[in-house]
Amino acid sequence: MTTNPVLAGLNEQQLAAVTAPAGPALVLAGPGSGKTRVLTHRIAYLLSELGVPPWQVLAVTFTNKAAREMRERLDLLVGPYSARALTVGTFHATCARILRRDGALVGLDPHFTIYDDDDQLRLIKQAISEEGLDEKQYPGRSILTRIGFAKNNLLGPTQYPTDSYFDEIVARVYRRYQALLEKNNAADFDDLLVKVVRLWSEHPAVLEHYRDRWRWVLVDEYQDTNHAQYLLVKLLTSGHRNLFVVGDEDQGIYSWRSADIRNIMNFERDFPEARVILLEQNYRSTQAILDVATNVITGNSGRRPKALWTDRAGGVPVEVREAYDERDEARYVASEIRRLRAAEGYGYGDFAVMYRTNAQSRVIEQTLNDYQYRIPYQLVGGTRFFERKEVKDVLAYLRLVHNPRDRASLLRVIENTPSGRGVGPRTLQALEGYADRHGLSLWETIEMACGLSSPPLAVGEAAPAVRGEAKTSLRQLVETLNDVRENSRHQPLPQLIDAVVSQTGYALMLTNLGDEGLERLENVRELEAQTQEYAGLDPSEALTQFLESVSLESDADTMRGSEDAVTLITLHAAKGLEFKVVFIVGMEENLLPHSRSLDNPQAVEEECRLAYVGVTRAMERLYLSYAFHRNVFGGVASNAPSRFLGAIPQELVSGRVPSPESARRTISGLGLPRAPQPESGSSGRWSVSVQANGSAPDFRQGDRVRHEKFGEGEVVAANTQSGELEVEVRFDSGSVKRLLASIARMEKV
């Protein structure tokens with residue numbers, strides 16, 4: 001019987017994990033098994049039993065929400081004084097703080113700006129333009145995705161592989177994009193990781209400093225680490241090897257973010273002496289739900305089997321339902337929500353509707369809004385608070401106060417607020433050109449042009465002339481923000497925001513817009529209110545920490561958990577959440593698993609893990625539905641029921657589990673037969689293919705393709721007309737083209 005309160009209430013497996021001796025440990029935590037409890041109690045155990053100083057502990061996770069929850073629990077377990085001395089945060093936030101301290105060694109000024117997704121896309125478009133390329137032909141989003149994969153695999157612009165002409169284009173844009181980041185004293189999300197890897201690799205003394213400081217390292221959601229994060233952890237722990245990781249290979253669903261599930265599956269190869277502990281007792285779901293989840297995931301290869309169990313025996317059987325189409329499916333969801341709320345007393349906030357793709361939410365939203373139901377909902381993944389125009393405008397001002405070299409923020413302020421400031425495109429072009437020719441920031445150039453400073457002696461060219469309204473407004477902007485910057489050293493953050501919006505004229509501009517402007521001003525005041533938690537910090541640190549937090553927010557971080565509304569959410573975004581009642585809609589081939597995965601067994605296994613994640617979000621009731629018909633880009637597709645439904649024994653569910661024989665489908669309106677056939681040795685799973693004239697075509701719905709003129713896109717429909725295969729492609733540029741497969745100069749990506 002233990003007398004240490006830190007160990008009280010832990011089950012046998014949790015106790016083994018929390019009290020594991022020094023050295024590497026791998027905790028494979030099934031869903032709902034209390035992994036956050038294990039992590040926090042492990043830290044408390046290190047402090048109370050092993051006498052580890054709190055400043056020697058580093059705990060990293062993947063979302064601000066998870067980090068906040070961990071800190072709150074640690075406040076209660078070890079007390080606020082010790083909790084404040086711990087380092088707890090996301091990978092990106094931790095790396096940002098390292099770079100604030102030591103980033104100068106890899107060319108990064110301490111006041112660097114972290115560019116969010118919108119900033120990165122804007123900068124990549126600038127890089128494309130400066131390289132003389134057409135953004136319609138070479139979409140910025142596609143190139144940015146490839147650059148992100150390269151960075152996460154530690155491939156810089158000069159190491160980017162050029163196996164095709166498109167790769168050559170990406171490499172050119174990558175070089176220009178990185179140069180623009182450096183010019184703006186900015187870093188994107190991936191740079192935060194890459195630059196710390198470089199810092200520690202090139203400066204052994206700096207690495208040794210952090211090894212000595214963080215002698216106990218704990219990593220949450222280890223299955224979600226990418227190559228850069230893997231290397232960071234390996235570098236940091238290669239001396240003391242006190243690495244405690246928690247994760248679940250069955251919940252690895254982020255390969256599209258460069259997560260590498262091999263990091264957790266090969267942990268024992270990297271650390272042969274590691275202790276491995278399985279957490280199998282579930283505290284979230286009923287046994288009925290866990291039994292379904294186990295059958296869904298069992299067929300995946302290379303995983304370590306887990307026997308998920310709970311004290312909550314039985315439970316309401318999982319409901320499987322076939323709907324006629326997506327509208328019938330949505331009406332069924334709405335009716336069940338209304339019925340359960342009336343009969344069982346559930347609140348709207350107890351329900352979640354989950355789906356594979358964002359596009360599936362549209363018909364759900366329409367139905368919940370229908371006068372028959374009037375069910376309130378929140379859409380996760382819609383426009384987030386920090387993405388609203390007025391909020392981003394104010395953040396641009398704040399980022400300029402923090403980092404005047406941030407050209408993207410300066411251009412946003414000049415062009416958008418208030419009313420363009422009378423500065424025309426020719427004036428801006430002249431100012432930018434001067435800055436680029438002489439290696440100056442745009443801010444420095446504007447100061448010179450307005451007569452607020454003189455050109456450096458090495459610059460023999462006078463700054464471009466700025467006259468009239470443009471000169472007056474630019475001079476006023478620079479003087480105002482310089483004053484605000486000076487005051488920011490001693491002014492609490494909420495007052496700083498108030499000063500920015502009032503002194504720059506932004507608040508007055510919104511007020512003059514009438515009711516719409518007043519609503520937007522309310523959002524600005526809400527932003528100010530959200531900074532109250534930073535009011536007690538040193539003002540010189542508060543702005544830095546706030547801007548970091550905003551840049552690194554995710555959809556899950558900003559969910560309004562206290563609102564009584566149904567949650568509409570993708571399966572990817574639902575990871576880490578739980579709801580009393582879960583509906584997973586669209587359980588069909590081409591949706592779940594997604595059509596893009598069908599030619600790749602590893603991708604199909606990840607889709608299976610995605611289904612498993614969705615199932616294990618449910619606490620009390622789970623509904624799995626599929627539609628006989630579904631409207632897809634103007635046609636009516638009849639997809640086969642998902643193979644993951646076929647893995648569930650009939651006796652575990654209410655409703656009929658579809659069999660392969662009953663899953664034959666045709667496509668109405670597209671003229672193509674679709675006949676699911678059992679895979680060899682698949683024990684009843686289905687492989688779906690589209691056929692034309694009895695033979696497989698070059699392209700099919702869901703294929704990623706590249707056209708020499710239109711760039712990359714996705715096949716959204718295929719149709720045989722007079723013996724010719726016609727494909728409809730939605731290109732990343734936004735255009736939709738109908739092309740004959742036989743003559744289109746197009747290839748699969």
Side-chain angles (χ1 to χ4, degrees), residues 26-31 35 39 59-67 89-95 117 120 144-155 188-194 196-197 217-236 243 245-270 297 300-304 356-357 381 552-557 569-577 592-594 596-597 600-614 616-617:
L26 169 63
V27 180
L28 293 173
K35 67 179 180 64
L39 279 166
V60 289
T61 186
F62 278 82
T63 66
N64 291 328
K65 180 175 179 287
T90 65
F91 270 101
H92 291 88
T94 302
C95 287
D117 188 67
Q120 293 169 41
L144 188 59
T145 297
R146 290 181 178 236
I147 291 174
F149 271 93
K151 288 187 176 185
N152 286 322
N153 286 285
L154 304 177
L155 297 173
D188 63 22
F189 296 149
D190 301 316
D191 281 334
L192 299 177
L193 307 177
V194 171
V196 174
V197 171
V217 178
L218 302 92
V219 182
D220 190 14
E221 305 285 13
Y222 194 67
Q223 78 280 350
D224 293 336
T225 52
N226 60 33
H227 182 63
Q229 290 159 336
Y230 166 80
L231 194 53
L232 283 170
V233 171
K234 193 171 182 180
L235 285 168
L236 189 59
L243 175 60
V245 305
V246 180
D248 182 7
E249 73 268 41
D250 290 337
Q251 297 186 69
I253 59 173
Y254 295 126
S255 65
W256 52 279
R257 290 182 185 170
S258 300
D260 191 342
I261 198 171
R262 293 175 298 180
N263 293 343
I264 192 168
M265 298 180 83
N266 294 338
F267 188 84
E268 293 166 88
R269 181 202 64 187
D270 294 335
I297 199 66
N300 269 12
S301 62
R303 59 181 292 273
R304 191 185 298 256
R356 176 62 177 83
T357 66
L552 301 176
E553 285 280 0
S554 67
D555 288 337
D557 293 329
I569 190 169
T570 66
L571 289 162
H572 280 104
K575 188 168 174 290
L577 305 177
L592 185 65
H594 196 277
R596 288 195 296 267
S597 72
N600 184 338
Q602 291 180 326
V604 171
E605 289 203 347
E606 180 160 326
E607 294 288 302
C608 182
R609 295 194 292 270
L610 188 58
Y612 176 79
V613 165
T616 55
R617 300 310 93 196

d(L154 CG, D190 CG) to nearest 0.5 Å is 10.5 Å

When rounded to the nearest 0.5 angstrom, what is the spacing between CG in L26 and CE in M265? 11.5 Å

Distance col, row L231:CG vs T225:OG1, nearest 0.5 angstrom, shows 11.0 Å

Supply the atom-to-atom distance T145 OG1 to W256 CH2, rounded to the nearest 0.5 angstrom. 10.0 Å

If I compare all heavy atoms of L39 with all of V246, which pair ends up nearest, and what's the gap? CD2-CG2, 3.7 Å

Not counting sequence neighbours, which residues clear salt bridge (charged side-chain N to carboxylate O under 4.0 Å, His left out) with E605? List them please. none

Taking every heavy atom of F149 against every heavy atom of S258, the minimum-distance pair comes out as CD2-OG, 3.2 Å

Under the side chain to side chain contact (heavy atoms under 4.5 Å, CB included) test against L243, which residue among L236, V233, D270 passes? V233

Note, H227 side chain near N152 side chain (heavy atom, < 4.5 Å): no

Give, for atom NZ of K575 and atom CG of L577, the distance between the pair rounded to the nearest 0.5 Å. 10.0 Å

Sequence neighbours excluded, which residues qualify as salt bridge (charged side-chain N to carboxylate O under 4.0 Å, His left out) partners of R609? E606

Quick check: closest heavy atoms across V604 and S597, and the distance to 0.1 Å? CG2-O, 3.2 Å

Are the side chains of D191 and K151 in contact, using a 4.5 Å heavy-atom criterion? yes

Polar side-chain atom of Y254 near backbone of H572 as donor-acceptor pair, under 3.5 Å: yes

Any donor-acceptor pair under 3.5 Å linking the side-chain atoms of T61 with those of D220? yes

Between N226 and L193, does a side chain to side chain contact (heavy atoms under 4.5 Å, CB included) hold up when you go through it step by step? CA-CA 10 Å; N226 60 33; L193 307 177; 3.9 Å; yes

Would you say the side chain of D250 lies within less than 4.5 Å of the side chain of N300, judging by non-hydrogen atoms? no

Under a 4.5 Å cut-off applied to non-hydrogen side-chain atoms, are Y230 and Y222 in contact? yes

Quick one: does K35's side chain get under 4.5 Å of D248's, heavy atoms only? no

4.5 Å side-chain heavy-atom contact, Q251 and E221: no

Looking at side-chain heavy atoms only, is the closest gap between F91 and V219 below 4.5 Å? yes

Please evaluate residues L571 and V613 with respect to the criterion side chain to side chain contact (heavy atoms under 4.5 Å, CB included), reporting the C-alpha separation (whole Å), side-chain torsions for both, the decisive distance (0.1 Å), and the verdict. CA-CA 7 Å; L571 289 162; V613 165; over 6 Å; no

At their closest point, which heavy atom of D224 faces which heavy atom of Q229, and how far apart are they? O-OE1, 3.8 Å

If you draw a 6.0 Å radius around CZ in R262, do more than 12 non-hydrogen atoms from other residues or ligands fall strictly inside? no

Quick one: does any side-chain atom of E249 pair with a main-chain N or O of I264 as donor and acceptor, under 3.5 Å? no

Does the side chain of P31 reach to within under 4.5 Å of the side chain of R617, using non-hydrogen atoms? yes

Spacing of L192 atom CG and T94 atom OG1 [to the nearest 0.5 Å]: 10.5 Å

